[in-house]
Amino acid sequence: MGVVVAIDGGSGVGKSTLSKALAGHLGLDHLDTGAMYRAVTHAVLEAGVDPTNGEAVTELAQRVIIHVGAQVFVDGDDATEAIRGPEVTAAVSAVAAHPGVRAELVARQRAWVAERRGGVVEGRDIGTVVCPDADLKIYLVADEAVRAARRAADEARVDHAEVASDLARRDQADSTRRHDPLRMADGALEVDTSHHSVDELVELVLDQLPGGNPRA
Ligand code: DC
């Protein structure tokens, strides 16, 4: 196995930006596991299935065909924009709370890493569940105001207070769910992204790689 980097943290802490930059520097592929939970949620809503119905949602998760990359495809349809929309954002925590959905997506995520013999994987449970043996585990945090501003920009929304309360609600749901809640993994390095540029963060993380910074 090559290098595996696990990046975890709540919404709007800068996971995707940092993960993509790191992957570019290390010549590795990048997997956004949040996009996978969003893709399943999109399929659930399209099928008219109740997101709280664990059995029906799990059954759908097991058969849906997901491609997650620069674009996201769900059963062959381009869902890149839809998975970031308000309907999916509102329902994704309920979908991600079902143990059957998690088992299915964790298996797919591990297969993704094994096929590539490494990669930069971002999510909520990467260091704790998906890749507990990762070479490097990073747990990102950021000030609340910074997170709300970033998410508002991502979602092209103007009401930061509303975005902040959505973030708080989703964090609460993701951190208190019974199965694989968001928490810092053993051996993870906590990094606060509030007041650093992406370049500074990339350097900081590369310095922590077991083999040393490949750019130094
Ligand atoms: O990172 P994001 O906001 O796109 O993630 C969407 C949701 O998916 C998030 O509210 C929690 C869930 N998720 C998860 O439970 N486990 C992961 N590894 C990634 C995301």
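In listed order, ligands and their atoms are each counted from 1. Atoms considered below: every heavy atom in the structure, side chains included; atoms not considered: hydrogens, waters and symmetry mates.
Enclosure of atom CD in E81 is not indicated, since only 12 or fewer non-hydrogen atoms of other residues, nucleotides or ligands lie within 6.0 angstrom. The number of heavy-atom neighbours closer than 6.0 Å to CD of E200, taken from other residues, nucleotides and ligands shown, is above 12.
Counting heavy atoms under 4.0 Å from ligand 1, residue R124 touches it through both backbone and side chain. Heavy atoms of R84 found under 4.0 angstrom from ligand 1 belong exclusively to the side chain. With a 4.0 Å heavy-atom cut-off, ligand 1 is reached by the side chain of R38 but not by its N, CA, C or O. Contacts with ligand 1 closer than 4.0 Å are made by no heavy atom of R169, backbone or side chain.
At least one heavy atom of R177 sits less than 4.0 Å from an atom of ligand 1. R151 counts as a contact of ligand 1, since one of its heavy atoms falls under 4.0 Å from the ligand. Residue contacts with ligand 1 include R102, since one or more of its heavy atoms lies under 4.0 Å from the ligand.
Not one N or O on the side chain of H179 forms a donor-acceptor pair closer than 3.5 Å with the backbone of G100.
Applying the 4.0 Å criterion to heavy atoms of A96 picks out, from ligand 1, the atoms 12 (C), 15 (O). Atoms of ligand 1 found under 4.0 Å from any heavy atom of G123, numbered from 1 in the order shown, are 18 (N), 19 (C). Near S93, meaning under 4.0 Å from any of its heavy atoms, are these atoms of ligand 1: 10 (O).
From the protein, the heavy atom lying nearest to atom 19 (C) of ligand 1 is T33 OG1, 3.4 Å. Distance from atom 3 (O) of ligand 1 to its nearest protein heavy atom, with residue and atom name: R170 NH1, 3.0 Å. Atom 11 (C) of ligand 1 has its closest protein heavy atom at D174 OD2, 3.3 Å. The protein non-hydrogen atom at the shortest distance from atom 18 (N) of ligand 1 is D125 OD1, 2.8 Å. Annotation: atom 8 (O) of ligand 1 to nearest protein heavy atom, Y37 CB, 3.5 Å.
With a 4.5 Å cut-off on side-chain heavy atoms, R147 and D171 count as touching. Between T89 and D166 there is no side-chain heavy-atom pair separated by less than 4.5 Å.
Closest to atom 20 (C) of ligand 1 by heavy atom, among A97, A94, G34, A91, is G34.
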May I have the step-by-step check of side-chain hydrogen bond (donor to acceptor under 3.5 Å, both in side chains) for T58 and R102, ending in yes or no? CA-CA 9 Å; T58 298; R102 304 204 67 80; over 6 Å; no
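Geometrically, ligand 1 and D32 share no nitrogen or oxygen pair separated by less than 3.5 Å. On a distance-only criterion, E122 and ligand 1 share no N/O pair closer than 3.5 Å.
Checked for salt-bridge contact, R177 and D125 miss the test: no charged N lies under 4.0 Å from a carboxylate O.
Among the candidates V57, L60, T41, V106, the single residue satisfying the side-chain contact (heavy atoms from CB on, under 4.5 Å) test with V101 is V57.
A distance of 11.0 Å separates CZ of R38 from OG1 of T33, quoted to the nearest 0.5 Å. Summarising the geometry, atom CZ belonging to R151 is positioned 7.0 Å from atom CZ belonging to R84; distances are rounded to the nearest 0.5 Å. To the nearest 0.5 angstrom, L22 atom CG is 8.0 Å from L209 atom CG.
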